[in-house]
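Here is the structure we will look at, set down as structure tokens.
Quick caveat, the model's predicted, so the values are computed rather than measured. Whatever order the structure lists ligands and atoms in, that order sets their numbers, starting from 1. For this chain, numbers begin at 1 and follow the sequence in order.
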Amino acid sequence: MLTRRCVLAGAAATTLLGNCASFRPYRSLGPTVAPGTVTKTVQVRLVAAERPTALPCFGGATLPLWTFADGVWPPLVRLNLGDRLVATLDNRLPRAGEHTSVHWHGVRLPNSQDGVPYLLQPPVRPGGSFRYAFSPPDAGTFFFHTHCNTVEQLGRGLVGLLIVDGDTTEPYDADIPLLLRDWRVEPGSGQFAAFATPRGSGRGGTYGMLRSVNGAVDPEILLPASGDCRLRLINIDPTRIVNIAVEGAEAAIVAIDGIALPPLTLTEWAMGPANRLELVLRAPPPGGVARLIDTADGARVELARLVGDGAPRRSSGFDPAPLRGTRIPEPDLGRAVPLEFRLQAADGGVAVSSAGDPQGAPLGEICRSNRTLWAINGRAWPDRADRLPPPMAVLERGRTYQFRLKNETVFAHPLHIHGHYFTVPRSDQRERPAHRTDTLLLQSGEEVEVAFVADNPGDWMLHCHIIEHQENGMMSYFRVV
Ligand code: C2O
Ligand code: CU
């Protein structure tokens, strides 16, 4: 029985304990403190390049990953709340014309730093650089990835983690990121298969065939025995939706998409691509084993074994400490402006080949899909248009908007909003707890009303985070003025 209540922002911060995973693919980049400043500045250099890498899950093979840093996959950028991040991106990708950028997924940052090429910044061409600078306003678990030709770039591993510390109310006994990622690699083949197929893109997405957690197949993760461990699950897969459950240990959800909610007993939780799910789990006693499993589609796939290690830490009943509450403004539902967004399958005929804004920036070749398979409100992200389309809606800064999201297709779609978080009110239909999310997983045929305060001026993308769906039409943007 969980007895704690969510603690509001303002409670004293405490420090996190170290990572105790048996396999550690992480290395923190930074931090460096700029002399003479009160606010710390963390500087990192992200060098996008091809690096032959032998992750444990590749079984001895070395694959041509595209990554942001030498000797680590993926890199972890770790800050304290209040720190300023200065990240320089260098594009050293090996292919002519392969431009890139970095989108800081889930971070409520100034629009100019949001990393969407053509819309918000020039694409960073091979040999070029771009400097991002911002102070994340929320503590939590985030990640970063590119925003053009992402099927291939993310498919090859171009991704990193961003953790902003400062949300704990009491120390946990461990703090461990768990990255869920499939690879488009036939086991034993030692090479990438096509990152997407037309059949997959037109359906639920082209799933990988080699599943990994932290770069390994069903790894053993050592946890301090009988300790309360914070597990940061991050679905960095381009495609796969998982249904997370734990066998052999008590666990509570303490944050979704980086944002705290009062501890909620975990039974199971569906995570689409880009979703983060943070658990506090009471580790097994010394030598005991709990299992992280995926129960999607009625299957049972073991993702990782969680093994109790060392002397037992706690003997009290399980009552996990909550994370600190969020500073995201509360929507004013009484005065909300309604808008409707319908997620649809396209048949080619609804493509808005002529909808380009004559004033819009020209779109580069690799940001355009070559197929139109999906759409939002009858409009597919331009395939043959060579200019950016106008925004789908113009929102007034500071107002609450209520989006009615309707999935009119027979597949699930994790719908991502940039620069803001949806408030999902408690829903009786699907037993959804009230929470915040930046990527709402809509099941086939589902309709959900979400709300948020449009408090961040600029042009913000709204798209499916099954990257093949995004790049084949299910993408749009709105403007906050
Ligand atoms: Cu993580 Cu526009 O996406
Ligand atoms: Cu989708």
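Nearest heavy atoms, Trp73 versus Thr67: CD1-CG2, 3.7 Å. Scanning both residues, Ser201 and Thr206, for their nearest heavy atoms gives N-OG1, 3.8 Å.
When atom 2 (Cu) of ligand 1 is compared with the N/O/S atoms of His463, atom NE2 turns out nearest. Take the N/O/S atoms of His413: the one nearest the Cu ion (ligand 2) is ND1. Take the N/O/S atoms of His147: the one nearest atom 2 (Cu) of ligand 1 is NE2. The N, O or S atom of His469 lying closest to the Cu ion (ligand 2) is ND1. As for His105, its N/O/S atom nearest atom 1 (Cu) of ligand 1 is the one called ND1.
None of the N, O or S atoms belonging to His416 lies under 2.8 Å away from atom 2 (Cu) of ligand 1. Taking backbone and side chain together, His465 holds no N, O or S atom under 2.8 Å from the Cu ion (ligand 2). For a distance bound of 2.8 Å, the N, O or S atoms of His103 include none lying that close to atom 2 (Cu) of ligand 1. Residue His465 counts as close to atom 1 (Cu) of ligand 1, with an N, O or S atom under 2.8 Å. Here His145 meets the criterion, with an N, O or S atom under 2.8 Å of atom 1 (Cu) of ligand 1.
Under 4.0 Å is where a charged nitrogen must lie from a carboxylate oxygen, and between Asp257 and Arg436 no such pair does. With salt bridges taken as basic N to acidic carboxylate O contacts below 4.0 Å, none links Arg327 and Asp455.
Ring orientation note: the planes of Phe452 and Tyr401 are tilted relative to one another, at an angle of 30° to 60°.
A 6.0 Å sphere centred on CD of Glu340 holds more than 12 heavy atoms belonging to other residues, nucleotides or ligands.
Checking each of His465, His103, His416 against His147 for a ring-ring contact (aromatic ring centres under 6.0 Å, His included) leaves exactly one that passes, namely His103.
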